[in-house]
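I have a structure I would like to understand better, so I am pasting it below and will then ask my questions one at a time.
Because the structure is predicted, anything quoted here is derived from the model rather than measured. Every number for a ligand or one of its atoms is a count from 1 in the order of the listing.
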Amino acid sequence: MTVVLGIETSCDETAASVVDEHFHVLSSVIESSIDEHRAFGGVVPELAGRAHVAHIGPVVRRALLDAGLDPHHPAIDAVVVTSGPGLVGSLLVGLSAAKAYALSWGVPLVGVNHLEGHLFAPLLERSDLEWPMLTLLVSGGHSMIVLQTGPGQHEVLGETIDDAAGEAYDKVARWLGLGYPGGPEIDALAQTGTAGTLKLPVSMTGPDYDLSFSGLKTAVVRATEQQSDVALADVAASFQAAVCEQLLRKLRSAMEKYEVRGVALAGGVAANSALRDGVTRLSQEFGIVAHLPTLQMCTDNAAMIAAAGLYRLGADGPSAMSLSARPNWQLADVP
Ligand code: KG4
Ligand code: ZN
């Protein structure tokens, strides 16, 4: 039985997880430095890097112990690590640690793409995935529609040409004086507001699958300047409806073109209640299966990295010890 340790440090979460070849998660530990970034309204790379240095050792140790392994001589077959995309200083902490563990335990090192990791998250929770499937991968740094014909077989159909969906949530929340990260705050506020109170434009109405959220953010700023008495909840509901409308419209047109058997959500914005409801409704309408990962599997974690590494180890073999950080590594460039 192949068992791997996954390490994730691409942004503000220091995470480690032990996963076996059947995608059973034996442990998953996440330490976030988000509280240190809140006052700045976004992740401060220098603070994130320092926090990873402080957390990586204890987090890996806890993951090994939780999986019932000896932290000094664990029965691990490979060490998997996110090598990109992400903050370079943060990635380097995970990479350095992963190389040290792999060398001292005498096991292979496997570098994986963080976005491919997100695509593996649904596999860790369900064994009945239906292929081919369309995945809407929406996070703080990325937004894309991906066609998957099997694990590790993916084609990016379209992606954002400017801001990511989560980034738009965070920027609008900041404009409204809400906390960081903005997604959960706006999602909660939107529950009590009326969508459509603010007239917001529908972006990207073309036939391709590209997305755009920067204009929508600017439209919220303009509209709230003109209508300064509008209730915060109504702004949140209007913005959320506009984001979901764009995402669901593009997903629908991809579902019409590609005959898929499943549809999945991945990334932090996949925690959004309106988006989850919308994807569930779409899947019912098309008579296909919806794979909605649990909230903790939507956001950054190391179990999804370990899962992607299990696949990559089998498909490509181990990485070289010279493996470096790739801060701008696109999913489309994963072989
Ligand atoms: O995937 P993730 O944990 O980190 C990145 O790789 O970016 O995603 C974080 C993003 C943040 O922008 C956050 O505001 C957004 O996901 N987010 C949400 C919700 N929960 C988190 N956006 C909308 N609704 C939510 N409920
Ligand atoms: Zn992520």
Which residue and heavy atom of the protein sit nearest atom 4 (O) of ligand 1, plus the separation: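 Answer, as residue, atom name and distance: Asp300 OD2, 3.4 Å.
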Same apolar cluster (I L V M F W Y, side chains within < 4.5 Å links), Phe120/Leu313: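 Yes, one cluster joins them.
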Donor on one side chain, acceptor on other, Gln240 and Asn272, under 3.5 Å: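 Yes, Asn272 and Gln240 have a side-chain donor paired with an acceptor closer than 3.5 Å.
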Per-atom contacts, ligand 1 versus Ala271 - under 4.0 Å to a heavy atom: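 Under 4.0 Å from Ala271, ligand 1 has these atoms: 20 (N), 26 (N).
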Distance from atom 1 (O) of ligand 1 to nearest protein heavy atom, with residue and atom: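 Sorting protein heavy atoms by distance from atom 1 (O) of ligand 1 puts Gly268 N, 2.9 Å first.
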Shortest protein heavy-atom distance from atom 10 (C) of ligand 1, along with the residue and atom involved: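 Ranking protein heavy atoms by distance from atom 10 (C) of ligand 1, first comes Gly140 N, 3.5 Å.
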Thr2 and Asp77: side chain donor to acceptor below 3.5 Å: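 Judged by distance alone, the side chains do not pair up.
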Ligand 1 atoms in contact with Pro181 (distance to a heavy atom under 4.0 Å):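 It comes down to these atoms of ligand 1: 13 (C), 14 (O).
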N-O pairing of Lys250 and Asp208 below 4.0 Å: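 Asp208 and Lys250: salt-bridged.
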Nearest-contact summary for atom 26 (N) of ligand 1 - protein heavy atom, Å: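 Result for atom 26 (N) of ligand 1: Asp187 OD2, 3.0 Å.
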Nearest non-hydrogen protein atom, atom 24 (N) of ligand 1: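 Of the protein heavy atoms, Asn272 ND2, 2.9 Å lies nearest.
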N, O or S atom of His114 closer to the Zn ion (ligand 2) than 2.8 Å: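 Here the distance criterion (N, O or S atom, under 2.8 Å) is met by His114, so yes.
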Salt-bridge contact Arg252-Glu285 (side-chain N to carboxylate O under 4.0 Å):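 Counted as a salt bridge, because a side-chain N and a carboxylate O are separated by less than 4.0 Å.
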Ligand-residue contact atoms, ligand 1 with His118, heavy atoms, under 4.0 Å: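 Matching atoms, with element in brackets: 1 (O).
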Ligand 1 versus His114: contacting region, heavy-atom distance under 4.0 Å: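 Side chain only.
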Residue Gly141 vicinity, atoms of ligand 1 by number, heavy atom under 4.0 Å: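 Near Gly141, the atoms of ligand 1 are 7 (O).
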Atom of Asp300 closest to the Zn ion (ligand 2), considering N, O or S atoms: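 Of all N, O or S atoms belonging to Asp300, OD1 is the one nearest the Zn ion (ligand 2).
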Ser32 versus Asp12, side-chain donor and acceptor atoms under 3.5 Å: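 The criterion, which ignores hydrogens and geometry beyond distance, is satisfied for Ser32 and Asp12.
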Closest protein heavy atom (residue, atom, distance) for atom 15 (C) of ligand 1: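 For atom 15 (C) of ligand 1, the nearest protein heavy atom comes out as Val269 CG2, 4.0 Å.
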Arg126, CZ: over 12 other non-hydrogen atoms inside 6.0 angstrom: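 Enclosed.
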Residue and atom name of the nearest protein heavy atom (relative to atom 14 (O) of ligand 1), distance in Å to one decimal: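 The protein heavy atom lying closest is Asp170 OD1, 2.7 Å.
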Verify same cluster id: Ile145, Leu331 (apolar side-chain graph, 4.5 Å):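 Different hydrophobic clusters.
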N, O or S of Cys11 under 2.8 Å from the Zn ion (ligand 2):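 Of the N, O and S atoms in Cys11, none lies under 2.8 Å from the Zn ion (ligand 2), which means no.
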Polar contact flag, side-chain donor to acceptor under 3.5 angstrom, His114-Glu8: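 Judged by distance alone, the side chains do pair up.
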His142 contact mode with ligand 1 (heavy-atom cut-off under 4.0 Å):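 Neither; nothing of His142 gets under 4.0 Å from ligand 1.
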Glu116/Arg312 ion pair, N-O < 4.0 Å: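 Yes, this pair counts.
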Ligand-side contact atoms (ligand 1) for residue partner Gly166, heavy atom cut-off under 4.0 Å: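 Selected atoms, number and element: 12 (O).
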Protein contact of atom 18 (C) of ligand 1 - nearest heavy atom, named by residue and atom, plus distance: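 Checked against all protein heavy atoms, atom 18 (C) of ligand 1 sits closest to Gly183 CA, 3.4 Å.
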Full working for ring-ring contact (aromatic ring centres under 6.0 Å, His included) between Tyr169 and Phe239: CA-CA 9 Å; Tyr169 265 95; Phe239 168 71; 5.0 Å; yes
